[in-house]
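Here the structure is laid out as structure tokens; the discussion comes afterwards.
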There are 2 protein chains.
Amino acid sequence: MRIGELSRNTGVPVPTIKYYVREGLLPPGELTSPNQATYGEAHERRLRLIRALLDVGGMKVAEIADVLAAVDDPERPLHKVLGAAADRLGRDDVEHDDAESATARAVVADLVSRRGWRTHESNPAAIDLSKALAAMGRLGHGAFVEVLDDYADAAEQVARADLRYVDRRVAVESMTETVVIGTVLGEAVFSALRRLAHVDASAQLYGADGSQERKPS
Amino acid sequence: MRIGELSRNTGVPVPTIKYYVREGLLPPGELTSPNQATYGEAHERRLRLIRALLDVGGMKVAEIADVLAAVDDPERPLHKVLGAAADRLGRDDVEHDDAESATARAVVADLVSRRGWRTHESNPAAIDLSKALAAMGRLGHGAFVEVLDDYADAAEQVARADLRYVDRRVAVESMTETVVIGTVLGEAVFSALRRLAHVDASAQLYGADGSQERKPS
DNA sequence: CCATCATAGATAGTGGCGCTATCGGATAGC
DNA sequence: GCTATCCGATAGCGCCACTATCTATGATGG
């Protein structure tokens, strides 16, 4: 398959495919002559994965490059791949160093130990969690920690479902790829479900129909 | 309070504050003379909210403008505010019209009716859900629907916790503001918890320590 | 064999976004 | 008066995800 066909099959413009190759998201095609290359099924799959991570997962190109490099590296242990995927939020943003941050970190440490979670507070996810809770604290919503255990229960439930799913699909494709898809797209799925459940739950409580009708622009 | 003090209190640069005012995120200060204005507690609060929505919630400035306009409009019913907050994903992206999309829509319709959720499939969240599931389908992960009910259980649980929290805090501040904070920042919280739970669950299954150690750069 | 089309690889440009810099004129507060 | 600050407006910047253009080469069909 040449690049034009790859483009037609996936709906991704040719220059964009070249861009992804340049950025290391997509391996180059196999050269049959100095300026001809062919692409296979793997490229098509990978291209669809890239678009899903971009469009649905909201990841940045550089992040995708990191994650896919980890997926392609057979040496890389699974939790490192997850780490690369998890570093999405915790980057170079301003470090608040106020009371809320300290409180939030303490809350997280307490939660982790109470849950018996085998993780460390240097885990990017734990840092993200602290940041989110600190932001809520600054907004006068420090009391949100009261529902944290409900959240954690649900998170454990989802995590168990994820693991079960991955386990069931071993050897269908690369397990790391399945993990990435499950982690990133699963987040989008859950987020949508949560919003749907909100509408229903608030309809139940407040009697609105929650139909979300919108003007057809 | 003048703009300089507002800036110092919140850590947001003065030109950025002016930018937010221009974009309609922040109401202008009260003019005491043609070119002097004072700002109050409300501005400080609003500014912190904006930063939280931006930094933690990952929302765009234009989206925040929409949501905050809805928050400030006492006529706007609650579910419309949620709607404005929910339109984050479903925008002008390419409309796939393949078998996966149709399947995904059917799966969502089935889920909604099976759950008895009082919502319509035109709900932005339902559309986002379809898109996410369709993307999974295109990646050969159509079987993900098998865990959808586990996800939905967890989502209902979280939604109930959210409603309980909002209910408990009525009259602390604007309820719509609480809803926005809970919806947007709550998503960040849950996402971090889910990733934490992944690490623990996979450690439990595969014996890795999941410590995610990283080079201190 | 040759016209036409597609391709590889390289470089430069584009549009959107979240700011950031600068400016002219006005005011605050000592 | 004098300095610091401010208002409002306009222009620019840096990043990001592409997109356009170009040259040289190769594939394809009559």
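Below, chain A is the first sequence line, B the second, and so on; all start at residue 1.
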Touch class at under 4.0 angstrom, heavy-atom based, for A:P28 against every strand present: nothing
N or O in side chain of A:Y39 less than 4.0 angstrom from C:dA8 OP1/OP2: yes
Side-chain-base donor-acceptor pair under 3.5 Å for B:R8 and D:dT5: no
Lys/Arg-Asp/Glu bridge criterion (N-O < 4.0 Å) met for B:R45, B:E41: no
Candidates C:dT20, C:dA8, D:dG26 - which lies nearest the side chain of B:R22: C:dT20
5' precedence on DNA chain C between B:R2 and B:L54 (nearest-nucleotide basis): B:L54
Main-chain N/O of A:D98 paired to A:H96 side chain as donor or acceptor, under 3.5 Å: no
Nearest-Å distance for atom pair CD/C1', residues B:E30 and D:dG8: 18 Å
Distance-only donor-acceptor test, A:K18 side-chain atoms vs C:dG9 base atoms, 3.5 Å: yes
From C:dT20, D:dG26, D:dA17, nucleotide with atom closest to A:K60 side chain: D:dA17
Which atom of A:A197 lies closest to which atom of B:W117, heavy atoms considered: CB-CZ2, 4.2 Å
Whichever of B:A62 and B:N35 has its nearest DNA chain C nucleotide further upstream toward 5': B:A62
Separation of D:dC6 C1' from B:M1 CE (nearest whole Å): 15 Å
Residues A:D72, A:R46: salt bridge by 4.0 Å N-O rule: yes
Between D:dT25 (P) and A:L31 (CG): distance, integer Å: 15 Å
Phosphate OP1/OP2 of D:dC18: any A:Y20 side-chain N/O under 4.0 Å: yes
Value in whole Å for how far the P atom of D:dT23 lies from CD of A:Q36: 19 Å
Contact under 4.0 Å: B:T16 side-chain N or O vs C:dG18 OP1/OP2: no
Integer-rounded Å distance: C:dC19 P and B:M59 CE: 14 Å
Carboxylate-amine/guanidinium contact A:R194 B:D162, below 4.0 Å: yes
Nucleotide D:dG8, atom C1' - distance to CG of B:L26 in whole Å: 15 Å
For atom CD1 of A:I64 and atom C1' of D:dA17, their distance in whole Å: 11 Å
Proximity to the side chain of B:P13 - top-ranked nucleotide from C:dT20, D:dA17, D:dC7: C:dT20
Length of the line joining A:Y19:OH and C:dT11:C1', which is rounded to integer Å: 15 Å
